[in-house]
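Reckoned from all heavy atoms, side chains included, excluding hydrogens, waters and symmetry mates. By convention here, the first residue in the shown sequence is residue 1. Computed from a prediction, not measured in an experiment: that's the story for all the values here.
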Amino acid sequence: MRKFSALLICLLLFSSLLAACGGGKAAPEVTNKEGGTTNSGETTTTQTEEPKEDIADQKITIKVHYPLPDDTTLRQQEDDKIARFQAKYPNVTIVKDDWQYSVNEIGVKMASNEAPTFYNTWATEAQLLVERGWVADITEFWNDWEYKDDMNPVLQNQFIVDGKVYGVTQNGYITSTVVNKKLLDAKGVPVPPMDWTWDDMYNTAKGAADPKAGISGIAPMGKGNEAGWNWTNFLFEAGGDIEVNEDGKVKAVFNSEAGVKALDFYKKLRWEANAIPQDWALGWGDAISSFQQGRTAMVIAGAFDVIQPALNEGGMKPEDVIAYPMPAMEKGGAHHGILGGNYLVINPNATKEEQEMAFRYITFDYFTDDALKSVEDTINARKAEGKYFVPTPLEYFSDDSEYAAKVKAIYDKYDNVYKYDPQLFSLLEGKTEAQFGTQDYYAAMSNVVQESFSKEGTDSKKQLDDTAKLVQENFFDKIEQK
């Protein structure tokens with residue numbers, strides 16, 4: 001396109017010169033040094049545009065997002081990708097970085113220029129990262145990418161801000177509850193129906209709990225922002241919301257009747273059922289590990305994030321690990337779970353060439369036959385290791401796409417691919433997280449969860465009113481919407 005435009009401009013200028021000399025005698029043609037002719041009477045040298053250097057020919061180093069050490073299966077998958085990528089781009093040096101995104105660390109990483117060339121983050125972070133300038137605008141790369149229109153719009157739209165693209169979705173989730181059926185069977189607790197309720201969750205958690213043996217019926221996250229995130233699912237199930245936008249202002253509304261019901265339910269699990277861990281201060285990784293190690297019957301998270309380590313690092317069997325939607329507050333109610341996603345975003349401090357190569361790495365396996373082969377090779381490799389391949393419930397591509405059908409056909413060929421209960425997908429109801437001040441809200445609600453787990457008899461309405469006031473004055477009132 002650039003070469004065509006340059007030629008067009010030259011022709012227009014040439015026409016203008018002819019027009020300017022239109023009343024006079026035409027100058028004789030002479031041959032120029034390159035064998036061309038000119039009407040100016042002077043010998044000229046033809047100017048040729050230097051071809052743009054292909055980025056693949058440049059020596060570029062990118063620091064890539066890499067799984068944590070205990071995610072051995074995911075590390076093997078990433079190593080496979082790195083090998084294939086470097087086979088195509090031999091001039092690229094890959095540096096592995098297993099730093100996982102933290103809202104409390106990203107500012108320091110950027111200020112010290114230690115952040116990877118691209119890093120992982122969540123759907124909630126788009127506004128924050130864009131406003132702070134901690135993420136690159138990749139709209140140019142996105143618009144030149146042939147598969148941009150085939151992405152799952154529900155997920156990808158989370159990282160499109162003011163019409164500009166700032167991230168690429170890896171996969172998504174609707175927060176679920178994963179159940180350890182083996183623990184239920186050991187205590188004679190019936191497996192709840194897929195279309196379950198808060199009462200079903202309560203009875204299952206109470207029945208499966210064995211405090212003396214160090215086994216909890218459910219392990220809600222109790223520290224870090226994830227404690228507020230876990231609880232918010234119950235707020236949504238009760239019909240509540242985090243915030244509303246009124247006349248350009250963000251207003252906290254989680255101190256509602258729905259909020260009180262959700263907090264009271266948490267307290268029932270703690271004080272009536274005695275179903276949560278005695279050491280309830282569990283972060284995200286702690287809760288996942290507790291499930292993986294068989295120390296809790298239920299955990300709340302994205303299903304893939306629980307099932308993958310449970311099967312491949314914890315030695316559990318697929319028939320003993322069941323993904324459920326979040327329970328409805330009452331029969332016939334909505335199974336609302338937070339709709340979230342995992343995204344890869346590019347470091348704005350990287351050079352343009354590094355950013356483009358990072359984009360190529362991120363999208364390297366998307367929508368390709370090589371990627372399908374890679375999936376099948378990975379499944380076979382896991383099978384040879386006695387491990388399982390666990391698909392994510394929401395992929396970067398749409399479920400009804402031609403590519404999705406190809407992926408499903410591969411999954412159906414193997415007995416070591418984890419199969420979700422088909423009824424799960426008909427019951428999952430995703431609800432998007434708050435657009436503004438999400439992590440600040442989660443942090444404040446984490447304090448409420450901790451107080452509720454540590455002190456019996458607290459007033460739920462007062463706790464929520466006090467916290468809504470704190471969040472409103474310290475965070476929401478300071479938000480300036482563009």
So, the side chain of [X] versus the backbone of [Y]: is there a donor-acceptor pair under 3.5 Å, distance only?
| X | Y | result |
| --- | --- | --- |
| Asp264 | Lys261 | no |
| Gln100 | Tyr119 | no |
| Asn152 | Val154 | yes |
| Thr204 | Asp200 | yes |
| Trp196 | Pro325 | yes |
| Thr117 | Lys63 | yes |
| Thr197 | Met329 | no |
| Tyr366 | Ala371 | no |
| Thr232 | Leu235 | no |
| Asp97 | His65 | no |

Checklist entry - Which is it for Asp369 and Lys373 under the salt bridge (Lys or Arg N to Asp or Glu O under 4.0 Å) test, yes or no, and what are the steps along the way? => result CA-CA 6 Å; Asp369 288 340; Lys373 181 180 182 302; over 6 Å; no

Checklist entry - Above 12 or not: heavy atoms from other molecules or residues under 6.0 Å from NZ of Lys109? => result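 Yes, the 6.0 Å shell around NZ holds more than 12 heavy atoms from other groups.
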
Which atom of [X] lies closest to which atom of [Y], heavy atoms considered:
| X | Y | answer |
| --- | --- | --- |
| Val345 | Tyr166 | CG1-O, 3.4 Å |
| Ala208 | Leu184 | CB-CD1, 4.1 Å |
| Ala297 | Gly217 | CB-O, 3.4 Å |
| Met326 | His336 | CB-O, 3.5 Å |
| Ile218 | Ala205 | CG2-CB, 4.0 Å |
| Lys206 | Ala273 | CB-CB, 3.8 Å |

Is it the case that the side chains of [Y] and [X] hold a donor-acceptor pair, with the cut-off being a distance below 3.5 Å and no angle test?
| X | Y | value |
| --- | --- | --- |
| Glu451 | Gln463 | yes |
| Thr169 | Gln158 | no |
| Thr139 | Asp137 | yes |
| Asn233 | Glu237 | no |
| Glu125 | Tyr101 | yes |
| Asn225 | Gln439 | yes |
| Glu114 | Trp99 | no |

Next on the checklist: Could you walk me through whether Asp80 and Arg84 satisfy the salt bridge (Lys or Arg N to Asp or Glu O under 4.0 Å) test, starting with their C-alpha distance in whole Å, then the side-chain angles of each, then the deciding distance to 0.1 Å, before giving a yes or no?
Outcome noted: CA-CA 6 Å; Asp80 292 344; Arg84 288 182 286 104; over 6 Å; no

Are [X] and [Y] packed together at the side-chain level, in the sense that at least one heavy-atom pair is separated by less than 4.5 angstrom?
| X | Y | result |
| --- | --- | --- |
| Trp229 | Trp231 | no |
| Met201 | Pro192 | no |
| Thr61 | Val92 | no |
| Glu354 | Asn347 | no |
| His335 | Leu428 | no |
| Tyr411 | Ile379 | yes |

Next on the checklist: Using the rule given for side chain to side chain contact (heavy atoms under 4.5 Å, CB included), can you reason through Thr392 versus Tyr173, listing the C-alpha separation, both sets of side-chain angles and the distance that settles it, and then say yes or no?
Outcome noted: CA-CA 8 Å; Thr392 53; Tyr173 65 87; over 6 Å; no

Item to check | Derivation and outcome, salt bridge (Lys or Arg N to Asp or Glu O under 4.0 Å), residues Glu78 and Arg75 | outcome: CA-CA 5 Å; Glu78 200 67 25; Arg75 280 196 164 198; over 6 Å; no

Can you classify the ring geometry of [X] versus [Y] as parallel (below 30°), tilted (30 to 60°) or perpendicular (above 60°)?
| X | Y | result |
| --- | --- | --- |
| Phe265 | Phe234 | tilted |
| Tyr361 | Phe85 | perpendicular |
| Phe359 | Trp145 | perpendicular |

Distance in Å, [X] [atom1] paired with [Y] [atom2], rounded so as to fall on 0.5 Å steps:
| X | Y | atom1 | atom2 | value |
| --- | --- | --- | --- | --- |
| Ser216 | Met298 | OG | CE | 8.5 Å |
| Gln293 | Met316 | CD | CE | 11.0 Å |
| Leu339 | Ile174 | CG | CD1 | 5.5 Å |
| Leu263 | Met445 | CG | CE | 6.0 Å |

Checklist entry - Step by step, would you call Lys331 with Asp199 a salt bridge (Lys or Arg N to Asp or Glu O under 4.0 Å)? => result CA-CA 9 Å; Lys331 197 67 176 176; Asp199 285 343; over 6 Å; no

Checklist entry - Of the options Tyr147, Tyr343, Phe367, which is the one that meets Tyr396 in a ring pair (Phe, Tyr, Trp, His ring centres under 6.0 Å)? => result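 Going through the options one by one, the only one that passes is Phe367.
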
Item to check | Asp79/Tyr66 under side chain to side chain contact (heavy atoms under 4.5 Å, CB included): CA gap, chis, key distance, verdict | outcome: CA-CA 9 Å; Asp79 288 339; Tyr66 196 65; 2.7 Å; yes

Checklist entry - Is the ring centre of Phe389 less than 6.0 Å from the ring centre of Tyr414? => result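 No, ring centres 6.0 Å or more apart.
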
Next on the checklist: Among residues at least two apart in sequence or on other chains, which ones pass salt bridge (Lys or Arg N to Asp or Glu O under 4.0 Å) with Glu376?
Outcome noted: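 Salt bridge (Lys or Arg N to Asp or Glu O under 4.0 Å) check on Glu376 returns Lys413.
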
Item to check | Charged tip of Lys268 within 45° of Tyr202 ring normal and under 6.0 Å | outcome: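 Output yes; distance and angle both within limits.
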
Next on the checklist: Let's go through Phe436 and Phe476 carefully: what are the C-alpha distance in whole Å and the side-chain angles of both, what is the deciding distance for ring-ring contact (aromatic ring centres under 6.0 Å, His included) to 0.1 Å, and is it a yes or a no?
Outcome noted: CA-CA 8 Å; Phe436 301 98; Phe476 289 177; 8.7 Å; no

